[in-house]
Amino acid sequence: MAFPALARDFRWGVATSSYQIEGAVDEDGRGPSIWDTFCRVPGAVVGGENGDVACDHYHRVPEDVDIIAGLGVDTYRFSLAWPRIQPGGRGPANAAGVAFYDRLVDTLLDRGITPWITLYHWDLPQELEDAGGWPARDTAYRFADYAELAHDALGDRVVHWTTLNEPWCSAMLGYENGIHAPGRKDFGAAMHAVHHLLLGHGLAAARIRERHTGPLELGITLNTGHFVPATDSEADREARRIADGLSNRIYLDPLVHGRYPEDVTADLAARGVTMPVQDGDLEIISAPLDILGINYYSSHRSSGTDENGATTGEDGLPVVRSVPYGRPRTAMDWEIVPEGLTDLLTRLHDDYGLPMIITENGAAFDDVAEEDGSVHDADRTAYLVDHIGAVAAAREAGVDMRGYFAWSLFDNFEWAEGYAKRFGIVRVDYDTQRRTVKDSGRWFADSVRLTREAGEGTAG
Ligand code: IFM
């Protein structure tokens with residue numbers, strides 16, 4: 001199916017991340033990451049699974065790039081494993097680790113596929129976590145050094161650089177509720193992590209801009225949430241304000257406007273937390289962005305009352321609760337709300353005015369594979385139809401949308417959920433490592449082709 005609104009100057013891609021697909025965690029000098037450690041904590045990951053082998057992508061680059069080329073997309077978004085490039089998070093580059101990404105980039109370019117690099121998709125070198133992790137300011141400087149090494153190695157061929165993927169997850173899932181690595185549970189530490197992730201982004205962006213010659217597209221990817229008040233009550237509007245503040249504005253306001261939102265810092269102060277801002281930090285963080293990456297999966301109706309109608313929880317904090325839309329759900333138990341994506345993009349356009357690209361969108365469903373590996377995933381195809389349609393609707397409404405990357409190219413290691421949740425448009429049989437393009441992957445490839453044919457040009 002064609003999406004005429006997306007026919008011109010629009011980038012089509014597929015996305016993955018290092019720890020979720022590479023495997024080869026002990027090879028060629030790679031050091032341990034916080035996810036290698038976390039996966040060994042009993043009960044941390046469903047089934048005690050880990051990324052030791054994952055999709056074995058480290059050993060299958062030619063075959064995997066063939067699959068990407070076969071889908072007909074123009075761009076492949078992947079992340080670099082910091083502990084492959086700089087095993088302990090400090091010091092010189094590890095030549096063997098760099099060589100892997102050299103090969104990957106060259107193989108992509110040979111096939112006419114544009115590499116889109118994410119520098120950090122959650123695999124922090126364990127040694128840096130041992131030294132304090134993202135709540136410690138020094139990690140931001142270490143990240144900038146790593147970004148410089150990565151750019152020195154690949155910046156002659158790679159135009160598109162994303163600093164961080166979803167800093168909300170790194171900070172909140174990693175340091176506040178502990179369901180992701182490194183598994184800490186300390187709200188104050190999580191807020192310090194937010195600031196140091198943003199500072200790391202700004203420092204890394206400056207290093208890349210200083211060194212880069214030729215065309216450059218530099219950005220950050222956020223998993224901004226779309227929140228609407230469940231009702232028009234004051235409590236629900238207040239819950240929406242709080243949720244939006246901690247999910248969206250605490251990142252976007254410093255990145256774009258060079259300040260933390262006052263209502264959010266007041267809420268934090270009431271909880272005894274101050275953002276660890278030093279002189280000059282906000283100027284570094286708010287250096288211009290070329291593009292904002294958006295990862296979207298669902299939307300949220302915010303309620304400010306609990307099931308009994310109370311507006312304050314046992315912890316003394318205002319109640320902020322998501323209540324269902326009553327929509328069908330994916331295997332992640334996430335409600336399917338495609339129009340929320342149009343609304344989110346329109347709001348971000350109005351409030352922040354940056355060009356945007358969907359760096360992730362997709363769905364896990366309980367796939368049933370036939371004997372030959374094929375998967376008739378009409379549910380995933382329907383999800384993609386509706387969400388790409390939602391991007392088209394935003395573009396038609398005047399939002400500056402530059403592209404769409406499906407999450408994910410492959411079924412892969414879904415963090416604390418292990419391998420049971422399958423997001424791929426390509427199935428991976430983890431016993432044999434056989435890849436099979438699912439029906440949704442074939443639909444995606446056809447739609448990219450038909451959409452391009454409906455226009456006259458494509459993104460370069
Ligand atoms: O698999 C993750 C990805 O690593 C980051 N964004 C959300 C995806 C689905 O949970």
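Every value quoted in this text rests on a predicted model; they were computed, and no experiment measured them. Because only heavy atoms are used, hydrogens play no part in the values below, and waters and symmetry mates are left out as well, while side chains stay in. Just so you know, ligand 1 is whichever comes first in the structure, and atom 1 is the first atom listed for that ligand.
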Query raised in the report: Under a 4.0 Å heavy-atom cut-off, which residues neighbour ligand 1?
Result: Q20, H121, W122, N165, E166, Y297, W334, E360, W407, E414, W415, F423
Report task. Answer yes or no: is there an ion pair linking E22 with R84, defined by an N-O contact shorter than 4.0 Å? Result -> yes
Query - Charged N-O contact under 4.0 Å between E339 and R327 - result: yes
Acceptor/donor pairs from residues 349-361 side chains to any protein atom, 3.5 angstrom cut, sequence neighbours excluded:
{"from": "D351", "atom 1": "OD2", "to": "R347", "atom 2": "NE", "distance (Å)": "2.9"}
{"from": "Y352", "atom 1": "OH", "to": "D253", "atom 2": "OD1", "distance (Å)": "2.5"}
{"from": "T359", "atom 1": "OG1", "to": "T221", "atom 2": "OG1", "distance (Å)": "3.0"}
{"from": "T359", "atom 1": "OG1", "to": "I294", "atom 2": "N", "distance (Å)": "3.4"}
{"from": "T359", "atom 1": "OG1", "to": "N295", "atom 2": "OD1", "distance (Å)": "2.7"}
{"from": "E360", "atom 1": "OE1", "to": "N295", "atom 2": "ND2", "distance (Å)": "3.4"}
{"from": "E360", "atom 1": "OE1", "to": "Y297", "atom 2": "OH", "distance (Å)": "2.6"}
{"from": "E360", "atom 1": "OE2", "to": "R77", "atom 2": "NH1", "distance (Å)": "3.0"}
{"from": "E360", "atom 1": "OE2", "to": "N295", "atom 2": "ND2", "distance (Å)": "3.2"}
{"from": "N361", "atom 1": "OD1", "to": "Y404", "atom 2": "OH", "distance (Å)": "2.7"}
{"from": "N361", "atom 1": "ND2", "to": "Y296", "atom 2": "O", "distance (Å)": "2.7"}
{"from": "N361", "atom 1": "ND2", "to": "Y383", "atom 2": "OH", "distance (Å)": "3.4"}

**Report entry** Pairing residues for P125 by the side chain to side chain contact (heavy atoms under 4.5 Å, CB included) criterion, not counting sequence neighbours
**Finding:** W82, P83, L128
Report task. Name all residues meeting the salt bridge (Lys or Arg N to Asp or Glu O under 4.0 Å) criterion together with R103; count only those two or more places apart in sequence or in a different chain, and write none if there are none. Result -> none
Requested in this report: Return yes if a side-chain donor-acceptor contact under 3.5 Å exists between D343 and T346, otherwise no.
Outcome: no
